[in-house]
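The next block holds one structure in the form of structure tokens; read it before the comments.
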Amino acid sequence: MKVIFLGNALNYQTVKSNKNISTVSYADNQAQISLIKEFNKYYKEDFKVITAAYNNDVTLKHKEENVLIGGANCLAIKNYSGNKIIYYLSIIIGYTKQLNRLLKQYKGEKIIVITNGPHAFRTLPILFTRKRFDYIFIPFLVGAVELPELKGLDHIVASFSPKLLKMADGTITYVKNSAVLYTKKPYVEILYSLNEKDFTYKEKKEKKESDLIKILFTGALNDINSIPVLINLIKISPKNYRFIICGSGQYENELQNLSKTNSKKVKFLGLINHDKVIELQHQVDYLIILRNKKDDFGLYHSKYSMSSKLFEYLLSGTPVIVNDHEAMQKEIRPYLNIIKNTEPDTIINLIENPPKDLKAKSKKGQKFVIDNAKDEIQMKKVINFINKF
């Protein structure tokens with residue numbers, strides 16, 4: 001059996017060294033590397049990866065090249081990133097060309113093609129090649145299938161995803177709801193796998209006694225993560241609360257201005273190195289993430305989009321505050337401090353009146369993640385699922 005993966009994974013060195021890659025989702029990239037690493041170990045020469053090239057120099061034209069990702073030698077297709085339309089067309093052509101080449105090479109053998117997500121630039125090549133070749137198509141639903149918050153060309157491209165997903169013979173998913181709603185085909189539901197390096201921070205140092213309460217948010221500064229609610233919380237919370245905010249997005253200017261006018265209350269660090277983020281998560285009193293459930297796209301993501309941040313948070317052993325939402329996996333619910341709504345008073349009440357098992361719950365959550373959120377454990381489920389086809 002031959003397995004082909006179409007994705008847009010970058011190696012850690014490229015993500016870490018290139019300051020221009022601000023749009024790369026660390027969680028999405030990590031999910032792909034998890035799959036690539038374990039599939040490469042299991043299938044060896046029968047596993048091939050086609051990804052999108054992103055050179056370390058600042059350029060609009062990215063050449064075709066071989067790159068090492070997750071221990072696998074991957075083919076990165078050339079593309080042009082100066083214009084969205086040209087970029088989309090260039091990667092669709094690149095994926096189709098290289099997929100077609102491998103399918104010709106493997107003709108007559110059992111073939112599985114996995115894509116990172118159901119999005120058009122990687123599933124249109126499936127549509128184009130399936131008329132000529134017989135193979136099994138299994139998308140890896142890392143993020144949401146639909147992206148209702150997008151506008152313009154991005155919205156048009158995203159609108160094809162549900163239609164193209166109907167071609168799937170099965171799915172790999174973090175959220176059962178997505179697999180059931182869009183394909184009604186066999187699926188395997190897995191937990192998010194963390195970067196191996198993140199586990200080196202699992203030992204948490206005891207903090208000095210202080211009446212200051214430090215609260216950290218790390219992630220995308222957008223409406224999905226209810227950043228306006230967080231900003232309001234910062235403004236009306238008690239004087240001894242200290243907020244640290246890391247990330248980028250539509251609300252970064254507002255948070256930057258807030259940190260300037262109220263530097264004692266909030267520190268805005270912007271987009272920082274992932275290693276530093278993990279370190280900070282061990283040094284505060286609470287970690288917070290709030291899902292927006294007040295509009296249509298917020299409700300959609302709350303039901304169909306898993307937050308990898310919860311696994312990252314739990315690994316720190318620091319108490320996690322999160323509002324209840326359907327996409328949150330049942331396995332981690334016992335270890336989270338789940339609030340019914342995102343009203344500031346509700347959050348403050350939890351902090352001022354913490355449950356008696358706050359620390360014990362956090363330690364149990366940390367152990368659960370250490371024991372389960374690993375590539376070899378989660379991808380073994382996927383490999384077993386793939387091998388049944």
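Ring geometry, His274 versus Tyr26: the interplanar angle falls under 30°, so the pair is classed parallel (tilted spans 30 to 60°).
Within the 3.5 Å criterion, the main-chain N or O of Ala360 finds no donor-acceptor partner in the side chain of Asp357. Although no hydrogens or angles enter the test, the distance criterion places a donor-acceptor pair under 3.5 Å between the side chain of Thr51 and the main chain of Ala9. The main-chain N or O of Leu191 is found under 3.5 Å from a side-chain atom of Gln378 such that the two form a donor-acceptor pair. No donor-acceptor pair under 3.5 Å is formed between the side chain of Thr171 and the backbone N or O of Tyr187. A distance-only check finds a donor-acceptor pair linking the side chain of Thr261 to the backbone of Leu258 [under 3.5 Å]. Tyr135 places a side-chain N or O within donor-acceptor distance of the main-chain N or O of Ile126, the cut-off being under 3.5 Å. With Asn372 contributing its side chain and Phe368 its backbone, the two residues share a donor-acceptor pair below 3.5 Å. Side chain of Asn222 to main chain of Gly249: no donor-acceptor pair is present (N/O by atom type, distance under 3.5 Å, no hydrogens or angles). At distances below 3.5 Å, at least one donor-acceptor pair connects side-chain atoms of Tyr313 with backbone N or O atoms of Ile288.
Between atom CG of residue Asn257 and atom CG of residue Leu255 there is a gap of 9.0 Å, rounded to the nearest 0.5 Å. Rounded to the nearest 0.5 Å, atoms CG (Asp223) and CD1 (Ile227) are 8.5 Å apart. Taken to the nearest 0.5 Å, the CD1 atom of Ile92 stands 5.0 Å off from the CG atom of Leu124. Rounding to the nearest 0.5 angstrom, the gap separating the CD atom in Glu312 from the CG atom in Asp198 is 6.0 Å. The CD atom of Glu376 sits 15.5 Å away from atom OH of Tyr42, with the distance rounded to the nearest 0.5 Å. Here the NZ atom belonging to Lys361 is positioned 14.5 Å from the NZ atom belonging to Lys359, to the nearest 0.5 angstrom.
The number of heavy-atom neighbours closer than 6.0 Å to CG of Asp296, taken from other residues, nucleotides and ligands shown, is 12 or below. Within 6.0 Å of NZ in Lys267 there are 12 or fewer heavy atoms belonging to other residues, nucleotides or ligands. Within 6.0 Å of CD1 in Ile236 there are more than 12 heavy atoms belonging to other residues, nucleotides or ligands. Other residues, nucleotides and ligands place more than 12 heavy atoms under 6.0 Å from the NZ atom of Lys381. Counting non-hydrogen atoms of other residues, nucleotides and ligands closer than 6.0 Å to NZ of Lys364 gives a total of 12 or fewer. Within 6.0 Å of atom NZ in Lys374, more than 12 heavy atoms from other residues, nucleotides or ligands are found, so the atom counts as buried in its surroundings.
No donor-acceptor contact under 3.5 angstrom links the side chains of Asn8 and Tyr95, judged on distance only. Asn323 and Thr342 are not linked by any side-chain donor-acceptor pair at a separation below 3.5 angstrom, with hydrogens and angles left out of the test. No hydrogens or angles considered: a donor-acceptor pair under 3.5 Å links the side chains of Tyr182 and Glu146.
When all heavy atoms of Glu326 and Asn177 are compared, the pair lying nearest together is OE2-ND2, 3.3 Å. Here the closest heavy-atom approach between residue Pro139 and residue Gly170 is recorded as CD-O, 3.1 Å. Shortest non-hydrogen contact noted between Ile77 and Ala52 is CG1-CA, 3.9 Å.
Residue pairs meeting the salt bridge (charged side-chain N to carboxylate O under 4.0 Å, His left out) criterion with at least one partner in residues 117-134, sequence neighbours excluded, are Arg130-Asp169. For residues 226-237, the pairs satisfying side-chain hydrogen bond (donor to acceptor under 3.5 Å, both in side chains) are Ser237-Lys265, with sequence neighbours left out. Sorted by first and then second residue, the pairs that involve residues 28-41 and meet salt bridge (charged side-chain N to carboxylate O under 4.0 Å, His left out), not counting sequence neighbours, are Lys37-Glu196, Lys37-Asp375, Glu38-Lys41.
Looking only at side-chain heavy atoms (C-beta outward), Leu147 and Asp154 stay at 4.5 Å or farther from each other. When side chains are defined from C-beta on, Ile348 counts as touching Leu233, because their heavy atoms get closer than 4.5 Å. Residues Thr115 and Phe137 form a side-chain contact, since some pair of their non-hydrogen atoms from C-beta on lies under 4.5 Å apart. With a 4.5 Å cut-off on side-chain heavy atoms, Asn387 and Met1 count as touching. Taking the side chain as every heavy atom from C-beta outward, Ile386 and Phe39 approach each other to under 4.5 Å. A 4.5 Å side-chain heavy-atom check between Asn225 and Arg291 finds at least one atom pair inside the cut-off. Between Tyr286 and Ile347, every side-chain heavy-atom pair lies at or beyond the 4.5 Å cut-off. Phe47 has its side chain within reach of Phe5: a pair of non-hydrogen atoms, C-beta onward, lies under 4.5 Å apart.
In the hydrophobic clustering of this structure, Ile231 groups with Ile213; members are Ile, Leu, Val, Met, Phe, Trp, Tyr whose side-chain heavy atoms approach within less than 4.5 Å, directly or through other members. Note: the hydrophobic cluster containing Ile234 also contains Leu287 (ILVMFWY, side chain heavy atoms under 4.5 Å, direct or indirect links). When the side chains of ILVMFWY residues are joined at heavy-atom separations under 4.5 Å, either directly or via intervening members, Val157 and Leu141 end up in two distinct hydrophobic clusters. Grouping the Ile, Leu, Val, Met, Phe, Trp and Tyr side chains by contacts below 4.5 angstrom, directly or via other members, places Ile289 apart from Tyr304. Val145 and Val175 sit in two unconnected hydrophobic clusters of ILVMFWY residues. Membership requires side-chain heavy atoms under 4.5 Å apart, directly or through other members.
Shown here are the side-chain hydrogen bond (donor to acceptor under 3.5 Å, both in side chains) partners of Glu352, two or more places apart in sequence or in another chain: Tyr241. Taking the salt bridge (Lys or Arg N to Asp or Glu O under 4.0 Å) definition, one finds that Lys2 meets it with Asp46, sequence neighbours left out.
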Using atom types as modelled, flag every donor-acceptor pair under 3.5 Å from a side chain in residues 161-168 to any protein atom, sequence neighbours excluded.
unit_1 : atom_1 : unit_2 : atom_2 : d
Ser161 : OG     : His119 : ND1    : 3.2
Ser161 : OG     : Ala158 : O      : 3.2
Lys163 : NZ     : Ser159 : O      : 3.4

* To do: Would you sort out whether Asp324 and Arg333 count as a salt bridge (charged side-chain N to carboxylate O under 4.0 Å, His left out), showing the intermediate values?
  => CA-CA 9 Å; Asp324 198 5; Arg333 282 177 169 268; 2.9 Å; yes
inquiry  = Asp371 vs Ile377, test: side-chain contact (heavy atoms from CB on, under 4.5 Å). Steps then yes/no.
reply    = CA-CA 9 Å; Asp371 291 344; Ile377 294 173; 5.9 Å; no
Dump the intermediate steps for side-chain contact (heavy atoms from CB on, under 4.5 Å) on Ile69 and Leu10, then the final yes or no. CA-CA 7 Å; Ile69 302 173; Leu10 302 172; 5.7 Å; no
Practice task
Could you please spell out the steps behind the side-chain contact (heavy atoms from CB on, under 4.5 Å) verdict for Asn253 and Gln256?
Solution key: CA-CA 5 Å; Asn253 288 337; Gln256 198 166 35; 4.1 Å; yes
message = Show, in sequence, the C-alpha distance, side-chain angles and deciding distance for Leu99 and Phe128, and conclude whether the side-chain contact (heavy atoms from CB on, under 4.5 Å) test is met.
response = CA-CA 10 Å; Leu99 177 59; Phe128 299 152; over 6 Å; no
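Aromatic pair Phe140/Tyr174: centroids less than 6.0 angstrom apart.
The side-chain tip of Lys48 does not point at the ring of Tyr106 from less than 6.0 angstrom away and within 45° of straight on.
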